[in-house]
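Single-structure report; data block below.
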Amino acid sequence: MMNGKWMRKLRDVSLCVVGLLLWSTQTAPAQHWLHPDSAGRTNQSIFRALEDWPAPNDLRTGSGAPGARYWQQKVDYRIRTELDTVAHRVSGTERITYHNNSPDALDYLWIQLDQNVRSLEHSRAYQMRAALPEEIDPRARRWLGVDLFDGGHEIARVQVADASGRLADAAYRINGTLMKVALPAPVLAGTSTELEIDWSFNVPDWGRGGKEEVSDGWIYELAQWFPRLSVYDDVNGWQTDQFLGRGEFYLEFGDYDVRITVPSNHIVEATGLLQNPEEVLTAAQRERLARAYLSETPVYIVAPDEVMTAGSRPRQNGMLTWHFKAENVRDFAWASSKTFVWDAAGFQYRPDQPPIAAHSLYPRDAMPLWNDISTAAVIQTLKTYGRMAFEYPYPKASNVNGPAGGMEYPMLAFCGARPQRKVEGGYSDALKYALIGVTIHEVGHNWFPMIVNSDERKWTWMDEGLNTFLQHYAEVELDPEFPSWRGSPQSIVDYMRDPDQVPIMTHSDLIHKDFGNNGYAKPAAGLTMLREAVLGPEVFDDAFSGYAQRWAFKKPQPSDFFRSMDEGSGEDLAWMWRGWFYTTHANDQRIADVSRQDTEELLGSTERGRYYYRIRLQNDGGLVTPVQMDISFENGETERIDLPVDVWRANEKEFVFGLFTDDELTRVVVDPDGWYADIDRDDNEWVAPAT
Ligand SMILES: [Zn+2]
């Protein structure tokens with residue numbers, strides 16, 4: 001709300017801004033850029049267009065949208081896999097259909113063998129480990145490399161089909177986590193080729209997938225578990241960056257048909273829809289599932305007291321094969337255990353659509369907690385992300401508790417939070433919020449990068465940052481008391497002060513420290529600043545959802561995001577992208593001084609107010625941001641002033657703001673609520689001297 005007096009003040013302010021801009025350009029010092037080049041002969045304004053962006057073309061346009069000739073490969077998989085719960089091994093055979101939609105003939109294929117990150121023979125991550133520290137925490141033995149574990153992909157067969165469909169052994173060469181497969185004849189543009197691979201590996205105890213023994217037995221989570229095609233795109237050609245354990249995954253979309261054979265007492269959850277419920281579920285379970293989808297209130301499919309009972313399985317011995325199909329997904333993961341409690345519910349964006357199934361599977365050790373929280377948090381993610389990006393396009397979203405602390409796959413999340421200490425009511429608030437947070441985060445990854453398919457191996461922020469940004473909104477919508485610890489500009493200040501950072505725009509494997517702040521918190525804080533302070537929710541959401549929708553089921557690059565946000569919001573945000581994403585500069589504005597002149601003396605009348613104030617702002621940091629000030633008057637009122645970032649265009653170091661008023665100023669505070677993450681707040685306040 002604004003009163004009449006304030007409207008008048010604001011009008012005066014806007015006139016003064018124009019006047020002072022003219023004044024300041026006339027009197028500005030010769031060098032008014034924060035980061036001038038040494039000779040001072042090139043344009044080094046923070047506002048200039050980014051020279052790092054590739055030239056637009058008809059694949060990726062200047063507007064940030066996919067171009068008319070945009071293409072991407074498609075890779076379909078037919079997989080049969082079996083879990084050996086005695087040897088803790090997974091083996092499988094897969095038939096891959098590689099559709100070459102590129103304009104190029106390909107002589108060979110690159111395949112990712114991500115389990116080789118734990119291969120004694122092939123792992124570069126093992127070789128990169130530094131010498132042991134002088135004291136070793138027992139929990140760190142494994143990742144320090146004290147205990148050797150050989151978990152690489154053992155490749156038993158690689159065959160490629162010729163033109164007549166006959167399979168013949170293919171020459172292949174393994175290089176770390178990659179395998180190059182020679183083709184007998186090039187796969188031409190617009191054609192496809194088929195190949196088959198047999199493999200096996202030992203399931204590790206830790207990592208993104210792994211095994212864990214809980215009170216009732218083992219839980220297996222299988223991820224990065226089968227040989228997957230590397231991406232071939234217009235930016236990289238073949239993306240052949242090694243998997244070193246941190247930079248995540250970049251994959252092609254495709255259709256999956258997967259048969260998973262496990263002991264008959266196991267329950268399996270996976271990417272995709274179960275094709276043979278009548279073979280692997282009891283009649284009662286099938287009936288409960290049908291009922292569960294009708295409401296958002298979870299229904300037990302396997303109740304806690306049914307775990308490992310004869311009645312909970314259709315067969316008592318031998319093996320059972322679970323058959324799943326998934327369309328248009330970039331990956332496939334699964335989990336298997338005899339220990340699972342299972343609850344499910346349904347969610348609809350509109351009553352006329354089939355319900356999206358929400359599932360949670362967890363051992364009894366995860367109760368109480370998972371039975372209260374998990375499925376509700378899955379559904380909240382579908383709601384909030386559905387509104388702020390696009391509606392969830394897949395038929396189900398599941399969450400599984402097991403060894404992985406938090407990891408994401410299409411339709412399937414692995415989350416580790418589990419009650420350890422018994423407290424009143426079963427679990428602490430901290431634990432409740434931990435599970436809500438990790439569930440929303442991992443389910444939220446369905447949007448970024450499972451559907452908006454960015455190159456995670458290179459750019460952590462494109463999925464983690466965007467996802468962490470949206471996560472906050474889902475958390476507080478589920479629980480207004482949620483103590484969000486990441487994603488606000490106020491919470492990133494300590495990191496912004498650290499002189500030993502690297503820019504967000506740094507390859508994932510080159511971020512030397514503070515990975516969470518660099519890849520998650522800082523990009524999320526920047527987006528929150530843009531939404532809440534710079535652009536406003538309406539303008540921001542329009543641009544952000546526009547980006548998400550134009551790149552859904554496609555592969556955006558960083559410049560596609562930046563350009564989409566510029567075009568969608570109608571703002572040139574080069575200052576923001578350069579300052580926040582490409583550099584490690586911080587915002588440090590300061591009130592240098594405040595002076596007062598009688599308006600009678602200045603204008604010959606007091607028509608516009610008795611006093612004219614000049615508030616001299618200096619920019620000591622390396623960033624430019626809009627200016628927010630709270631100005632307090634003698635009459636006790638405080639008014640908030642918002643100035644656009646443009647005040648720094650002519651002079652990035654100093655801006656003098658002018659204000660007519662009838663009341664004397666008592667106090668001025670710049671960045672009063674911390675929306676611009678000012679790193680030195682001691683000089684942000686001016687208080688009128690006592691008279
Ligand atoms: Zn994440």
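One-based numbering, in listed order, for ligands and for the atoms of each.
- Under the ring pair (Phe, Tyr, Trp, His ring centres under 6.0 Å) criterion, W370 pairs with Y362, sequence neighbours left out.
- Atom CZ of F540 is separated from atom CG of L527 by 5.0 Å, given to the nearest 0.5 angstrom.
- Only protein N, O or S atoms were considered, and those under 2.8 Å from the Zn ion (ligand 1) are H441 NE2, H445 NE2, E464 OE1, E464 OE2.
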Let's go through Y256 and D331 carefully: what are the C-alpha distance in whole Å and the side-chain angles of both, what is the deciding distance for side chain to side chain donor-acceptor pair (under 3.5 Å) to 0.1 Å, and is it a yes or a no?
CA-CA 9 Å; Y256 285 73; D331 199 359; 4.8 Å; no
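- Evaluation of the side-chain contact (heavy atoms from CB on, under 4.5 Å) rule for L478 yields A377, Q380, I436 as partners, not counting sequence neighbours.
- Legend: residues meeting side-chain contact (heavy atoms from CB on, under 4.5 Å) with S545, ordered by chain and number and at least two apart, are Q549.
- A ring-centre distance under 6.0 Å is not found for Y392 and Y349.
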